[in-house]
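Have a look at the structure below before the remarks.
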Amino acid sequence: RATRGVAGAARARVQGIPSVTAGAPAFPPRVVLATGNAGKLREMRAILAPWHVEVQPLSDFTRESVDETGLTFVENAILKARFASQAANLPAIADDSGLEVDALHGAPGIYSARYAGAAADDAANNAKLLHDLADVADECRSARYRCAMVYLRWPLDPAPVVCQASWEGRIARGGRGTGGFGYDPLFIVEGTTRRAAEFDPDEKNQVSHRGLALRALVRAIGEGPAGA
């Protein structure tokens, strides 16, 4: 259970994902989403659609971005949420997420989007990951996507809502599938033989780290004080 200022943990599974009743949380009518990532924006808009929330990207208000100087997903998500709320004068949602590979001691981790360099694209990051795991046996390629999701009512909100979730799997030796983004073509979802890139968007949103964290965030906001 997530509470204000405390990170609630969740583990993604292909089966048994709890449902959330649309309309229950006291969600604001408009929020700014602190991302320039088109894939994340698309996923979050789809997940929030039942609550009729207008989700505006940070790019509607500024082309600037905050330096991600945190050493954890939670720290970086809070930094991004504060910056977005200040820029838009709206409640803000931000996430920081990435891939953790056990054989690489948690790398790429918070550097997932720039694993192959500051200007790297998904193809370059995937290629570097495969290179770094070239000598790792199949049974030792366990990994997970992790997401920290943050909601702020205003820029200096002293009690952010923080929720976390993970999606377990392992890293394949080559890509497959055309959906998703990031490392999805390489990520074999636990309990299946399918890559994350082979899930259709609605199915992925039900089981992914980001989908679980965002739904947990919506529930937590509904448990907050009046006017939150």
Side-chain angles (χ1 to χ4, degrees), residues 10-17 33-49 57 59 68 73 76-77 80 94-149 164-215:
R11 177 182 293 264
R13 297 289 181 181
V14 175
Q15 302 292 332
I17 301 302
L33 183 62
T35 186
N37 185 305
K40 287 185 179 181
L41 179 62
R42 183 170 57 249
E43 285 187 357
M44 291 192 188
R45 278 178 166 166
I47 293 167
L48 288 171
S59 58
E68 296 179 27
F73 294 123
N76 282 333
K80 290 190 280 189
D95 89 293
D96 199 49
S97 55
L99 181 72
E100 302 173 354
V101 180
D102 293 327
L104 301 178
H105 298 165
I110 61 172
Y111 304 106
S112 293
R114 52 192 187 277
Y115 190 44
D121 60 10
D122 288 348
N125 288 331
N126 278 263
K128 176 171 171 54
L129 182 63
L130 289 175
H131 176 270
D132 291 350
L133 291 174
D135 297 327
V136 177
D138 289 352
E139 61 270 21
C140 298
R141 298 168 75 95
S142 57
R144 70 205 49 80
Y145 276 122
R146 189 178 302 279
C147 175
M149 191 79 64
Q164 294 190 77
S166 65
W167 196 17
E168 299 291 326
R170 58 190 173 90
I171 304 302
R173 293 191 176 273
R176 197 172 73 200
T178 59
F181 60 98
Y183 299 92
D184 286 358
L186 300 179
F187 187 78
I188 304 172
V189 176
E190 184 182 66
T192 80
T193 58
R194 298 166 63 197
R195 315 296 172 84
E198 295 177 302
F199 282 59
D200 67 51
D202 289 341
E203 183 182 19
K204 182 184 177 186
N205 288 341
Q206 288 299 311
V207 298
S208 75
H209 55 308
R210 190 170 296 108
L212 287 176
L214 185 54
R215 288 195 297 277

### Task
Of all the heavy-atom pairs spanning Tyr183 and Pro108, show the shortest one and how long it is.
OH-CG, 3.7 Å
Are any of the side-chain heavy atoms of [X] and [Y] separated by less than 4.5 Å?
{"X": "Pro57", "Y": "Thr35", "value": "no"}
{"X": "Phe199", "Y": "Gln206", "value": "no"}
{"X": "Val207", "Y": "Val189", "value": "no"}
{"X": "Arg144", "Y": "Asp102", "value": "yes"}
{"X": "Asn205", "Y": "Leu214", "value": "no"}

Working to the nearest 0.5 angstrom, can you tell me the gap between [X] [atom1] and [Y] [atom2]?
{"X": "Asn126", "Y": "His131", "atom1": "CG", "atom2": "NE2", "answer": "14.5 Å"}
{"X": "Met149", "Y": "Ser97", "atom1": "CE", "atom2": "OG", "answer": "7.5 Å"}
{"X": "Glu100", "Y": "Phe73", "atom1": "CD", "atom2": "CZ", "answer": "5.0 Å"}
{"X": "Arg170", "Y": "Leu133", "atom1": "CZ", "atom2": "CG", "answer": "12.5 Å"}
{"X": "Ile188", "Y": "Glu198", "atom1": "CD1", "atom2": "CD", "answer": "9.5 Å"}
{"X": "Asp95", "Y": "Gln164", "atom1": "CG", "atom2": "CD", "answer": "11.5 Å"}

With sequence neighbours left out, write down each residue that passes side-chain hydrogen bond (donor to acceptor under 3.5 Å, both in side chains) with [X], or none if nothing qualifies.
{"X": "Glu68", "value": "none"}
{"X": "Tyr145", "value": "Asp184"}
{"X": "Arg173", "value": "Asp138"}
{"X": "Arg45", "value": "none"}

### Qualifying residues under salt bridge (charged side-chain N to carboxylate O under 4.0 Å, His left out), relative to Arg195, sequence neighbours excluded
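In terms of salt bridge (charged side-chain N to carboxylate O under 4.0 Å, His left out), with neighbours along the sequence ignored, Arg195 is linked to no residue.
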### Query
Just wondering, are more than 12 heavy atoms of other shown residues or ligands nearer than 6.0 Å to CG in Asp135?
no
Donor-acceptor list for residues 111-119 side chains, cut-off 3.5 Å, not counting sequence neighbours:
from   : atom 1 : to     : atom 2 : distance (Å)
Ser112 : OG     : Leu99  : N      : 2.9
Ser112 : OG     : Gly109 : O      : 2.6
Tyr115 : OH     : Asp132 : OD2    : 2.6

### Query
Between Arg141 and Val136, does a side chain to side chain contact (heavy atoms under 4.5 Å, CB included) hold up when you go through it step by step?
CA-CA 7 Å; Arg141 298 168 75 95; Val136 177; 3.7 Å; yes
